[in-house]
Amino acid sequence: MKKYYSLLFTAGLVVALDQWTKWLVRTNIPLHESWLPESLNWLSSYARIVFIYNSGAAFGMFQNGNLVFAAFAFLVIGIILYSYPKIEEGDWSLRLASGLYLSGVLGNLIDRLTMGKVTDFISVGNFYIFNIADASINIAVVILLISFWVSERKKPVASSENEVLPTNGELS
């Protein structure tokens, strides 16, 4: 159980933040309405809080796929819980990404199981409307991509043993 502390801490923190912000939006903003402090109205075309429900996936795709996404969430959670103890102690980026991904999946799964749809509210420009759980998943993916890119750059370049380099201006 000790191996799971950092995973559960990260996931617990982000899920709590996700559920709290969704609750704030549901209790304070009417459905399909937006909110922004008056002093920030100039920002409304770039970012605002817009309360919507989403029964699909990212970007509103696959609407009414709640049951499929809930089942997929349980599968992802199982995979993360199974593989997490196998991550090397020093691999902080994979550990952090696992915690963030788990929290995102759990945050949206809670909505799917309790309400049958996910509460979304962060609107940036004409981009899709998302929530803290979605952001957590996206941040996890970015951390993984950067981590893999950095680790690949650290690997030595493989060279052929039989490769002969030209000398004295000779070209082969």
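Of all heavy-atom pairs between K22 and A133, the closest is NZ-CB, 4.4 Å. Of all heavy-atom pairs spanning Y101 and A140, the tightest one is N-CB, 3.7 Å. Closest approach of L113 to F74, counting heavy atoms only: CD1-CZ, 4.0 Å. In plain terms, the two heavy atoms of T21 and F121 that are nearest each other are OG1-CZ, 3.4 Å.
Looking at heavy atoms from C-beta onward, Y46 lies out of side-chain contact with S123 at the 4.5 angstrom threshold. Between F69 and R112, some side-chain heavy-atom pair lies under the 4.5 Å cut-off. For the pair L100 and N138, the minimum side-chain heavy-atom distance is 4.5 Å or more.
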*asked:* Using side chain to side chain contact (heavy atoms under 4.5 Å, CB included), reason through L31 and Y53 one step at a time and then give a plain yes or no.
replied: CA-CA 8 Å; L31 186 62; Y53 284 120; 3.6 Å; yes
_Intermediate values then yes/no, salt bridge (charged side-chain N to carboxylate O under 4.0 Å, His left out), D111 and K117_ = CA-CA 6 Å; D111 283 15; K117 52 197 169 224; over 6 Å; no
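The structure places CG of L17 at 9.5 Å from OG of S136, a figure rounded to the nearest 0.5 Å. To the nearest 0.5 Å, atom CZ of residue F51 and atom CD1 of residue I122 are 13.5 Å apart. Here the straight-line distance linking atom CD1 of I77 with atom CG of L109 works out to 5.0 Å at 0.5 Å rounding. In this structure, the separation between CD1 on I110 and OG1 on T119 is 11.5 Å, given to the nearest 0.5 Å. Expressed to the nearest 0.5 Å, how far CD1 of I137 lies from OG of S103 amounts to 7.5 Å. Separating the CD1 atom in I139 from the CD1 atom in I143 is a distance of 7.0 Å, to the nearest 0.5 Å.
Put simply, V142 and I80 are part of two different groups of oily side chains (I, L, V, M, F, W, Y) that touch within less than 4.5 Å, one to the next. Residues I132 and L13 fall into different hydrophobic clusters, defined by Ile, Leu, Val, Met, Phe, Trp and Tyr side chains chained together at heavy-atom separations under 4.5 Å. In this structure, L81 is a member of the same hydrophobic cluster as L75, with clusters built from ILVMFWY side-chain heavy atoms closer than 4.5 Å. Taking hydrophobic clusters as Ile, Leu, Val, Met, Phe, Trp and Tyr residues chained together by side-chain heavy-atom distances below 4.5 Å, L43 does not share a cluster with I49. Transitive grouping of hydrophobic side chains (ILVMFWY, heavy atoms separated by less than 4.5 Å) keeps F9 and V15 in distinct clusters.
Note on residues 83-102: pairs passing salt bridge (Lys or Arg N to Asp or Glu O under 4.0 Å), not counting sequence neighbours, are E89-R95. Screening residues 129-150 for ring pair (Phe, Tyr, Trp, His ring centres under 6.0 Å), with sequence neighbours left out, gives Y128-F130.
With hydrogens and angles disregarded, no donor-acceptor distance shorter than 3.5 Å links the side chain of T10 to the backbone of L7. Side-chain N or O atoms of S98 include one that pairs as donor or acceptor with a backbone N or O of L94 at under 3.5 Å. Judged purely by atom type and a 3.5 angstrom limit, D18 has no side-chain atom pairing as donor or acceptor with the backbone of V14.
Each of V50, V25, I52 was evaluated against D120; a single residue qualifies, I52, per the side chain to side chain contact (heavy atoms under 4.5 Å, CB included) test.
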